[in-house]
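In what follows, a structure is listed as structure tokens, so that the remarks can point back to it.
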Amino acid sequence: MKSIEVKGSLRTETGKKATNALRKNDEVPCVLYGAKKDENGNTATTHFAVPNGNLRKLVYTPHIYVVDLNIDGNVKNAIMKEIQFHPVTDKILHIDFYEIDENNPIVMEVPVQLEGLAEGVKAGGKLALQIRKLKVKALYNVIPERLVINVTNLGLGKSIKVGDLSYEGLELMNAKDAVVCSVKLTRAARGAQANAAK
């Protein structure tokens with residue numbers, strides 16, 4: 001998995017007024033949830049802010065990244081867990097990051113990539129990708145940049161479900177019966193089948 005550096009600075013104030021002031025200054029309020037818990041069993045949190053421009057390559061991309069979070073010179077490995085956009089302007093409002101612990105698995109969504117020419121497409125069908133990202137649980141250093149699915153043997157009217165897939169070192173978290181991709185019958189394919197049956 002690729003890594004990307006994001007530089008930010010610690011926030012001393014976390015109220016609504018301080019948050020709004022940050023956004024007016026074109027900065028995004030962020031929270032880093034630590035990998036370890038404190039003596040009370042609570043997850044340690046770090047509140048910080050990142051200039052909007054520093055987040056473009058991380059947010060507006062089909063790729064997934066390990067984030068080297070540089071908060072006032074203190075660097076931690078993390079993944080972007082949740083992002084909030086403004087419902088009208090689509091401006092980034094808030095991002096949650098989770099610190100990575102090399103010994104504990106993390107859950108993240110990985111893009112799906114289909115490869116091969118499906119048998120069903122050759123027969124006139126249309127290949128449809130239903131799930132663009134699959135949720136996986138694994139140690140961060142074994143998570144691939146994308147999950148490749150070979151569709152060469154996928155026939156007309158057939159589908160590949162989550163339960164049909166397996167990747168070494170990865171646990172797929174989506175429902176087993178969820179359809180990832182399928183070859184749908186088109187009008188032309190239906191006509192060809194009907195003519196073949198005559």
State, with a plain yes or no, whether a side-chain heavy atom of Ser182 is found less than 4.5 Å away from one of Lys184.
yes
How far does CD1 of Ile100 sit from OH of Tyr140, to the nearest 0.5 angstrom?
6.0 Å
Non-hydrogen atoms of Lys57 and Ile4 that approach each other most closely
CB-CD1, 3.6 Å
Heavy-atom pair with the smallest gap, counting every atom of Arg11 and Thr19:
NH1-OG1, 3.8 Å
In Å, rounded to the nearest 0.5 Å, how long is the span from CD1 of Ile143 to CD of Glu145?
11.5 Å
The reported gap from CD in Glu109 to CE in Met173 (rounded to nearest 0.5 angstrom) is 11.5 Å
Specify the closest pair of heavy atoms between Val183 and Val121, including all atoms of both residues, with the distance to one decimal.
CG1-N, 4.0 Å
Do Val107 and Val136 pass the side chain to side chain contact (heavy atoms under 4.5 Å, CB included) test, and can you show the C-alpha distance, the side-chain angles, and the key distance before you say yes or no?
CA-CA 6 Å; Val107 175; Val136 304; over 6 Å; no
As a quick check of understanding, evaluate side chain to side chain contact (heavy atoms under 4.5 Å, CB included) for Glu27 and Asn52, giving each step before the final call.
CA-CA 5 Å; Glu27 290 189 273; Asn52 210 344; over 6 Å; no
Tell me the closest heavy-atom pair linking Leu147 and Pro144, and the distance in Å.
CD2-CG, 3.8 Å
Decide yes or no on side chain to side chain contact (heavy atoms under 4.5 Å, CB included) for Val112 and Lys133, but give the supporting numbers first.
CA-CA 5 Å; Val112 169; Lys133 287 183 176 179; 5.9 Å; no
Using a cut-off of 6.0 Å, state whether more than 12 heavy atoms not belonging to Lys126 lie near its atom NZ.
no
Report the distance from atom NE2 of His63 to atom CG of Leu58, rounding to the nearest 0.5 Å.
12.0 Å
Side-chain contact test, heavy atoms from C-beta onward, threshold under 4.5 Å: evaluate it for Val67 versus Asn77 and give yes or no.
no
Within a 6.0 Å radius of atom CD on Glu13, are there more than 12 heavy atoms belonging to other residues, nucleotides or ligands?
no
Following the transitive rule for hydrophobic clusters with a side-chain heavy-atom cut-off under 4.5 Å over Ile, Leu, Val, Met, Phe, Trp and Tyr, establish whether Ile95 and Ile79 coincide in one cluster.
no
Are the side chains of Leu32 and Glu99 in contact, using a 4.5 Å heavy-atom criterion?
yes
Mind listing the closest non-hydrogen atom pair of Val75 and Asp68 along with its distance?
CG1-CB, 4.3 Å
Step by step, would you call Cys181 with Leu154 a side chain to side chain contact (heavy atoms under 4.5 Å, CB included)?
CA-CA 9 Å; Cys181 61; Leu154 195 59; 4.2 Å; yes
Contacts of type side-chain hydrogen bond (donor to acceptor under 3.5 Å, both in side chains), residue Asn70, not counting sequence neighbours
Glu5
Can you confirm whether Phe97 sits close enough to Ile83 that some side-chain heavy atom of one is under 4.5 Å from a side-chain heavy atom of the other?
no
Taking Val6 as the starting point, is it possible to reach Tyr33 by hopping between hydrophobic residues whose side chains are less than 4.5 Å apart?
no
Report whether Val151 and Val148 are members of the same hydrophobic cluster (ILVMFWY, side-chain heavy atoms less than 4.5 Å apart, transitive linking).
no
If we ignore hydrogens and angles and just use 3.5 Å, is the side chain of Asn174 paired with the main-chain N or O of Leu134 as donor and acceptor?
no
Straight-line distance of Cys30 SG to Leu55 CG, nearest 0.5 Å:
6.0 Å
I need the minimum non-hydrogen distance between Leu22 and Pro29, along with the two atoms involved.
CD1-CB, 4.2 Å
Pairwise side-chain contact, Thr45 with His47, heavy-atom cut-off 4.5 Å (strictly under)
yes
Val59 side chain reached by Phe85 side chain, heavy atoms, under 4.5 Å:
yes
Shared hydrophobic cluster for Met80 and Leu139 (ILVMFWY, side-chain gaps under 4.5 Å)
no
Are Val28 and Leu10 connected into the same hydrophobic cluster when the rule is that any two of I, L, V, M, F, W, Y join if their side-chain heavy atoms are below 4.5 Å apart?
yes
Would you say that Val179 contacts Ile131 through its side chain, given a criterion of any heavy-atom pair below 4.5 Å between the two side chains?
no
dist Leu165:CG -> Ile149:CD1 (nearest 0.5 Å) comes out at 4.5 Å
Val180 versus Gln130: any side-chain heavy-atom pair under 4.5 Å?
no
Taking Lys161's backbone N and O only, do any of them form a donor-acceptor pair with Asp164's side chain (distance below 3.5 Å, no angle check)?
yes
Quick test of your reading of the model: are Asp26 and Lys91 salt-bridged, counting only N-O distances below 4.0 Å?
yes
